[in-house]
Structure formats: C-alpha cells, structure tokens
There are 4 protein chains.
Amino acid sequence: MTVNGRTEGRRRRVPRQEREQQIIDVAVTVFAKRGYHAASVDEIAELAGISKPMVYLYLDSKEGLFLACLRREADRLVAAFQGAAQAGGGAPELRLHAGLSAFFAFVAEHRDSWVVLHRQASELSEAIASAVADARRAVMAQVAGLVWDGIAESAGGARLDDEDADFVAHALVGAADSLTDWMSGHPGQSPEGVTLRLMNMVWVGMGRVLEGEVWVPAERSDPT
Amino acid sequence: MTVNGRTEGRRRRVPRQEREQQIIDVAVTVFAKRGYHAASVDEIAELAGISKPMVYLYLDSKEGLFLACLRREADRLVAAFQGAAQAGGGAPELRLHAGLSAFFAFVAEHRDSWVVLHRQASELSEAIASAVADARRAVMAQVAGLVWDGIAESAGGARLDDEDADFVAHALVGAADSLTDWMSGHPGQSPEGVTLRLMNMVWVGMGRVLEGEVWVPAERSDPT
Amino acid sequence: MTVNGRTEGRRRRVPRQEREQQIIDVAVTVFAKRGYHAASVDEIAELAGISKPMVYLYLDSKEGLFLACLRREADRLVAAFQGAAQAGGGAPELRLHAGLSAFFAFVAEHRDSWVVLHRQASELSEAIASAVADARRAVMAQVAGLVWDGIAESAGGARLDDEDADFVAHALVGAADSLTDWMSGHPGQSPEGVTLRLMNMVWVGMGRVLEGEVWVPAERSDPT
Amino acid sequence: MTVNGRTEGRRRRVPRQEREQQIIDVAVTVFAKRGYHAASVDEIAELAGISKPMVYLYLDSKEGLFLACLRREADRLVAAFQGAAQAGGGAPELRLHAGLSAFFAFVAEHRDSWVVLHRQASELSEAIASAVADARRAVMAQVAGLVWDGIAESAGGARLDDEDADFVAHALVGAADSLTDWMSGHPGQSPEGVTLRLMNMVWVGMGRVLEGEVWVPAERSDPT
DNA sequence: AATGAATGAGAGTTCATTCAT
DNA sequence: AATGAATGAACTCTCATTCAT
C-alpha cells in the first residue's frame with residue numbers, strides 16, 4: 001500500500017532506465033516462451049507490473065520492444081563469449097575451447113536469450129528479420145574469428161580461408177544450438193562436458209583437413 | 001482467363017485427394033515463409049485458388065492443416081533419407097555419407113519442407129509442438145541409427161553407446177541445419193560438396209574418440 | 001450393399017413423398033433439440049441419411065423445412081385434440097377434460113413436436129414468426145372453443161364472452177405448457193393425473209366466476 | 001452529432017461500471033428481440049454506441065454477456081416480487097395476489113427481461129442452459145413459497161405438500177407467462193386486472209382442492 | 001433421384017495501438 | 001510518470017446455399 005517508498009518492490013515512479021530494463025527482462029521471457037507473434041504486449045505489460053501505454057511510451061511498438069530485446073541479448077552473448085575467449089589464454093585450441101565453453105554456458109544459463117536470438121522462425125517483419133540476421137552474423141563472426149585465428153596458427157598451413165572458417169563456424173554454432181536441445185534431455189550433462197565432447201568431435205577433423213588428409217567416398221559412383 | 005472451360009488447368013471440380021495435396025503444397029510454402037502464427041488461412045486458400053471453407057472442409061482447422069503438412073514432409077524426408085542410406089552400400093562411413101548427402105540434397109531442394117519441420121519456434125500449441133517434436137525425433141533417430149551402425153562396425157570398439165550416438169546425431173543435424181543457411185550465402189556450393197566438407201570435419205573425430213584419443217584442455221584451471 | 005431393395009432400410013431411390021417425411025421427422029428432432037438457429041442443415045441431412053442438396057430440392061430452404069415441420073406438427077396436435085374432445089362425449093366439462101387430457105398426452109409423447117411448435121423463441125424471421133403465431137393461435141382457438149361451448153352450456157349464464165374464453169384458454173395452455181416442464185421433474189406422474197389436477201384447480205374457478213362470486217382483494221388499497 | 005464535446009450525452013470515457021450497465025441494457029433488448037443465437041455482438045456493440053472489443057473486455061464473451069443479463073434481470077424480478085409480496089400484508093391470499101400482481105406488472109413493464117429469462121429455447125450451451133434453469137427455478141420457488149405459506153395458513157388443512165405447491169406454482173407461472181401474450185393483444189387490460197382474473201380463476205380451485213371437493217370425470221371410461 | 005465440390009457472407013474473438021486524463 | 005478507456009483491423013471458423021455431374 002505504500003506508494004512512494006521502496007516497500008512495494010517494483011512499482012510507481014521508477015526512473016525510465018530501470019523501467020525499460022524491467023520491461024525488456026519480462027519481454028525476453030515471454031518472447032522466448034511464446035514466440036514473437038504469439039507473445040502479446042498485454043501479457044508483457046501485466047507481468048512487468050505496468051500498463052500497456054508505458055510499454056509503448058518507452059519502446060515505441062512491439063517491434064521496437066523485440067528489437068531492444070534482441071540487441072541487449074546479442075550484446076550479452078558476445079560479451080560473454082569474448083571475455084571467455086580472451087581469458088582462454090595462449091594456445092588457439094584452448095581459446096576455441098574456452099569460447100565454445102562460454103557459449104554453452106551462456107545458452108544453458110540464459111536459454112531465453114538464446115531462443116530469442118536464434119529460434120525466431122521466419123515469421124518476422126523485414127526489419128526484425130534483418131536484425132535477427134545481424135545478430136546471428138555477429139555471433140558467427142566471433143566463432144569464425146576464433147576458428148580462423150586458432151587454426152591459422154595451429155597448423156603451419158594457411159589453406160584455411162575465409163570461406164572455410166565461416167563454414168566451420170556455421171557447423172559449430174549449428175551443432176551447439178542443436179546440442180542445446182540434447183542437453184534438455186540429459187540434465188546431468190554440464191556445459192563443460194558437452195563442450196569437451198564437441199571439441200573432440202571436431203577439433204581433430206579441422207586440423208586433419210588442413211593437413212590435407214581429405215576423406216573421399218571411395219569406390220562408389222554418384223548416388224544420383 | 002476462361003472461367004468455366006477446361007482451359008484454366010487447375011480449378012473447379014477437382015477430386016478431394018488432389019485438392020488436399022494442392023492445399024498442403026501451398027500451405028507448406030506459406031508456413032515456411034511466414035511461420036505458423038503469421039500465416040493466414042486466407043492467404044493459403046487464395047494461393048491454392050480456392051475458398052477458405054474448402055480448407056476447413058478438408059483439413060478441419062489451421063492446426064489440422066499444419067499437422068498434415070508436418071506429416072507429409074516428415075515422411076518425405078525420412079523416405080529420401082532411408083532410400084539414400086540403403087543405396088549407399090557397404091562401408092558404414094559410406095552409408096553415413098550417403099545419408100548426410102541425401103539430407104543436404106533434400107534440404108537444399110525442399111527448403112520449405114525443412115523449415116516447416118525444423119524452424120517452427122516455440123509458439124505452437126501443445127498438440128502441434130509435440131507433433132513437431134516427434135518429427136524431429138524421427139529425423140534424429142535416422143541419423144543416430146546411421147552413426148551407431150556405422151561406427152559400431154567401423155572400429156572394433158563398442159564404446160559408443162546410445163547416448164553417444166544421440167549426441168553425435170544432434171551435432172550433425174544441427175550443423176547440417178546451420179550449414180543450410182551458409183549454403184544460401186554461397187550459391188556455388190553443391191549439397192555434395194557441403195556433405196563432403198562436413199564428413200571430413202566430423203568423421204575422423206568420431207573415430208578418434210572411439211580410439212581413445214581424447215583431447216583435453218591442457219594446463220588450465222576451470223574458467224569459472 | 002443392396003441398392004434397390006428394401007434391405008438397406010432407408011436409402012437410394014426412395015420416392016419423394018417418403019423422403020420428405022423422413023427429412024421432416026429428423027428435422028423436428030433436431031430443431032427441438034437445438035433450436036432453429038443452432039440447428040444446422042448439415043446435421044439434419046446427415047441424420048436423414050441423405051445429402052444436403054436433397055433437402056434443398058424438396059424443402060427449398062431451411063426456412064421452408066422449418067415451416068413444413070411446423071405445419072405437420074400443428075396438424076397432428078390439432079387432430080389429436082379434436083379427436084379426443086369429440087370422443088369426450090356429452091357434458092361440457094367432460095369435453096374440456098378430454099381435450100386437456102389429449103393435450104397433455106400429446107405433449108408428453110411428442111415432446112419434440114411441442115417444442116418446435118411452442119418453444120421457439122423470438123429469434124425467427126418474419127415469415128416463420130407469423131407461421132408460429134398462426135399455429136399457436138390455432139391451438140388456442142381449439143381450447144377457447146372448448147371452454148366457450150362448455151361453460152356457456154354449463155351455467156345458465158352467458159356472461160362469458162369471447163374475450164373471457166380467450167383469456168381462460170391462454171391461461172390453460174400456458175399452465176399446461178409449464179406443467180410439461182414439471183412433468184419432466186416428476187416422471188411418475190401420468191398425463192391423466194396432471195390433467196385431473198389442473199382441472200380441479202381451474203374448473204371450479206371458471207364456473208364460480210360465471211356465477212358472479214368474484215373475489216376481490218379486501219381492505220387494501222392499490223399497491224401502485 | 002457533436003463528436004468530442006460533452007453534448008453527445010453518452011459517449012467516450014465512461015467509467016467501467018456505467019459502461020457495463022449500458023452494455024447489459026442494450027444486450028437485454030437485443031437478446032429478447034432476436035434470441036441468443038440470432039443476436040449478434042456487433043449489433044449490441046453498435047446500439048450501445050461502442051466498439052466490439054469493449055464488450056469483450058468487460059463481459060468476456062457472448063456467453064458471459066448473456067449470463068450477465070440473465071443474472072441482473074433475475075435479480076430484478078425476484079426483488080420486485082419479494083418486495084410486493086411482503087408489502088401485501090396479512091392474509092395469505094392477499095400476499096399471493098400481491099405477488100402475482102407484481103409479477104404481471106414486472107413482466108408487462110420489462111417484457112425484454114422476462115423474455116430473456118423465460119423464453120430462451122433449448123438452443124443454449126450447457127453453461128447457459130443451466131443458468132437459465134437456475135433462474136427459472138428461483139422464480140418458481142418464490143411463487144411456490146407464496147402458495148405454500150398462503151394455503152397452509154388459509155385452510156386448516158396441511159394436505160398441501162411440497163409437490164402440490166410446486167405443481168400450482170408451475171401452473172401459475174405458465175398461465176401468467178401465456179397471459180403475457182394475451183395482454184399484447186388486449187392493450188386495454190391492466191396488469192392489475194389480469195391478476196384479478198387469474199386469481200379468481202385459480203384461488204377458489206386451490207382452496208376447494210384442499211377441502212376435499214375433488215372433481216373426477218364421471219361416467220366415462222379411459223379415452224384410450 | 002442423388003451427390004461431391006464449392007463458396008459468399010458473416011459470426012465470435014483477439015491484438016497492437018492510441019487517446020484523454 | 002502513469003493509466004483506464006477505447007478502437008480498427010484482422011483472424012479463425014461456420015453456415016446456408018448452389019453448381020456440375
């Protein structure tokens with residue numbers, strides 16, 4: 001019943017900055033749970049403990065709200081990723097491992113963020129779709145950078161070009177995303193463990209490719 | 001432009017079987033382009049060249065329509081996959097390669113089918129969500145089966161258990177899905193080529209894991 | 001599977017007359033259960049074992065179908081009523097009793113008919129509404145006639161005029177209709193018994209009015 | 001015709017309480033005129049001078065709207081009835097007379113309310129049907145109570161049991177309802193007058209039954 | 001005599017968005 | 001800073017009705 005104090009928890013006369021974050025917090029949850037279209041501004045406002053007009057005052061539109069979510073969560077992910085990768089230290093494979101590890105940890109801990117970033121289907125407006133694409137590209141670039149650096153140093157070879165790194169990054173991120181689902185079915189698995197398994201599965205292959213040991217399907221004609 | 005004649009080709013008085021397939025054809029396209037919620041039955045009906053009530057007469061509801069799409073495309077994918085894998089012949093790695101190859105070919109050729117199957121966000125009703133989950137599980141099981149068979153034979157070892165196979169299957173499908181996006185940015189790449197690259201990246205790693213050559217991040221403490 | 005014979009029960013190649021009655025039979029049931037608007041021609045056609053176009057071919061429209069039901073059931077009721085009243089024989093009160101008795105028996109046995117005749121709310125089109133009103137008026141006229149005849153003879157008095165008879169008829173039919181509901185809550189009660197009770201409640205009052213013994217609320221002013 | 005000013009009387013920015021009543025007012029009219037199914041929320045909204053979403057915001061659904069109407073009108077009727085019956089004072093027949101009088105007055109004055117309460121056909125959903133049944137039962141209970149009290153006191157006899165009272169109540173309410181129609185054809189008749197006539201018709205009969213003067217159809221066998 | 005295929009029109013319902021306070 | 005009141009537009013779904021065979 002107190003109106004001005006801090007007793008109420010979160011209500012009345014909160015400065016804009018703070019309110020905005022509250023709204024985005026809730027919105028990420030709801031967008032993740034329902035998807036962009038099925039999410040309703042009504043629900044978000046109610047869960048945020050404010051009225052709808054506030055949402056529009058601060059975030060302009062449903063689209064604006066979603067974009068704000070997207071940006072914030074993308075930033076968070078990139079930050080987590082970079083921090084870990086840099087802290088990973090010397091050897092390139094260690095850096096890649098640290099990066100992937102951070103990635104899994106982030107996704108495991110902030111499922112909603114990841115869902116908002118990556119699992120929004122093609123149902124979005126032009127503006128949003130391109131923002132999502134941007135966010136994805138940013139993540140890819142991080143991973144690709146890691147791969148590139150790492151491998152370029154690791155083997156003497158420089159046969160790995162931009163395209164290759166991008167290819168590997170896509171494969172890694174896709175695998176990681178999918179393993180996110182696998183993790184929900186295996187609650188015992190730590191992000192650390194999953195990272196390790198994935199590293200084992202791909203790292204050698206990446207290196208081996210560079211060394212020229214290319215596998216080719218033997219003794220069989222084109223399946224077409 | 002003729003209205004009552006036979007000139008129009010696809011119009012009036014089409015038997016149910018055929019119409020149903022027409023509707024599903026269109027629906028897959030639209031669901032893929034817009035996502036479940038953003039897709040409107042109106043648009044589907046119009047593109048199918050019929051009126052809305054026909055859609056409801058034959059498919060019962062938007063949900064029923066989506067489920068029909070889901071089932072048909074899942075069947076198609078599994079069929080394509082199985083056919084190729086069996087045709088792949090003797091060596092396990094060849095079979096896996098053939099399966100993956102079929103997978104990429106399918107996804108590349110029937111993008112819409114794949115999007116409907118795999119890219120529907122969490123915005124779905126209970127019934128649909130579980131149908132989607134079923135479809136995904138079916139695909140996973142195919143891949144996991146291939147991996148399992150293959151590797152079990154390949155190395156003498158039987159250290160690969162159910163969980164491992166499932167892990168690998170998730171990683172592979174995720175990577176493949178993501179590489180699907182990569183392919184749209186690199187139109188020159190054939191599904192064949194992508195398959196080969198992925199195989200190279202992964203196959204050796206899978207084998208190596210079995211042989212006990214496990215990579216572990218050296219000389220570094222827990223990043224936490 | 002026999003097509004032309006009588007084996008199938010009711011199907012294929014039934015002459016128009018018969019089909020029409022089948023349809024009306026079903027329609028009365030459905031209209032009674034659902035009400036005019038909530039009843040769907042689809043359901044009626046299906047229950048009648050034929051296709052919708054037949055319904056339209058024979059009865060023209062939903063409205064036409066309902067009118068046909070209305071007419072047939074009204075005729076049936078009037079017939080049952082008249083027959084009984086005439087068979088009731090000499091004394092006027094016996095004739096009234098016999099008429100009411102027939103009425104209750106009919107309503108108890110053909111609930112659907114009565115519901116269609118009397119319980120269709122005001123939700124009907126002009127045409128139908130007036131047909132329903134006609135049917136109701138016909139029933140009222142029967143009862144009013146009975147009352148009139150009866151009482152006119154019974155007492156020497158002729159103080160009962162048209163209006164009075166109509167008043168009594170309305171009261172009687174209304175009471176009877178309502179007692180129909182009461183009967184569903186008391187399954188043990190026979191139509192005969194209900195008739196007797198109602199007669200007892202009303203007959204004397206009717207006579208007494210004629211004899212001038214008019215009751216007037218004593219010693220109290222108008223509540224207005 | 002002014003749009004934004006205060007001239008319009010009933011428009012923009014009305015507090016919820018008031019709007020709700022306005023909506024229910026209109027809804028009662030429309031439901032009475034058209035019946036539940038034929039009534040359209042569109043029409044109700046338009047007549048209420050608001051947009052459809054307001055109706056749904058305040059009353060949840062068409063069903064909810066109808067239930068609200070039902071409850072309010074039932075309350076009104078019961079209130080009118082009780083008030084009058086209590087004010088009727090001492091003698092039981094006076095109380096019954098007063099009650100019936102109030103009933104007729106209410107029905108004559110609030111035809112729509114009564115139609116909504118009593119004339120909705122069987123076309124309703126489970127929830128509504130039972131609400132209607134409840135409302136009807138409440139009215140019946142009122143009348144039955146009056147009858148019971150009254151007669152129990154009036155004659156020394158206690159031969160009237162629950163069932164009898166209920167029987168009489170049904171007959172009375174049914175008669176009254178039907179006389180409602182009769183009244184529309186005889187505009188000169190006041191509710192007072194109708195009540196008096198009905199009382200004369202039934203009161204004596206009720207008493208006589210108690211005194212044992214039971215009428216039985218003489219000298220005739222079962223009409224069957 | 002009979003029907004599968006097809007639709008125009010309209011119902012209830014919801015949502016993102018704004019206005020007035 | 002904040003909100004109760006209000007709506008245009010769109011969506012899913014149903015129904016009486018007809019056409020072509």
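Order of the sequence lines fixes the chain letters, A, B, ..., with proteins taken first and strands second; residue numbering starts at 1 for each chain.
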Please give, in whole Å, the distance from F:dC15 C1' to C:E46 CD? 15 Å
Under a 3.5 Å cut-off for both distances, is E:dG12 Watson-Crick or wobble paired, and to whom? F:dC11
Assert: residue with more 5' nearest nucleotide on DNA chain F, out of A:Y58 and C:E63, is A:Y58
Toward the 5' end of DNA chain E, by each residue's nearest nucleotide, D:K52 or B:K52: B:K52
Let me know, please, whether B:P53 or D:S40 comes out on the 5' side of the other along DNA chain E by nearest nucleotide. B:P53
Picking from F:dA16, F:dT12, E:dG12, which would you name as closest to the side chain of C:Y56? F:dA16
For side chain to side chain contact (heavy atoms under 4.5 Å, CB included), just list the numbers for A:Y56 and A:V41, CA-CA rounded to whole Å, side-chain angles, deciding distance to a tenth of an Å, and then say yes or no. CA-CA 9 Å; A:Y56 282 87; A:V41 177; 3.7 Å; yes
Considering only NZ, NE, NH1 and NH2 on the basic side and carboxylate oxygens on the acidic side, decide whether B:R19 and B:D25 come within less than 4.0 Å. no
Within the structure shown, what part of the strands sits under 4.0 Å from D:A39 by heavy-atom distance: base, sugar-phosphate, or nothing? sugar-phosphate
Pair D:K62-D:F31, side chain to side chain contact (heavy atoms under 4.5 Å, CB included): steps then yes or no: CA-CA 11 Å; D:K62 190 183 183 182; D:F31 280 135; 4.2 Å; yes
NA contact type, A:P15, heavy-atom cut-off 4.0 Å: base, sugar-phosphate, or nothing? nothing
Counting only N and O atoms by type, is there a donor-acceptor contact under 3.5 Å from the side chain of B:R34 to the main-chain atoms of B:S40? no
Nearest-Å distance, CZ (B:R34) to C1' (F:dA10)? 14 Å
Applying a 4.0 Å non-hydrogen cut-off, can you work out what A:R16 is touching in the nucleic acid: base, sugar-phosphate, or nothing? nothing
As its Watson-Crick or G-U partner within any shown strand, both distances under 3.5 Å, F:dA1 has none
Atom pair distance, as rounded to whole Å: CD in B:E20 and P in E:dA5: 10 Å
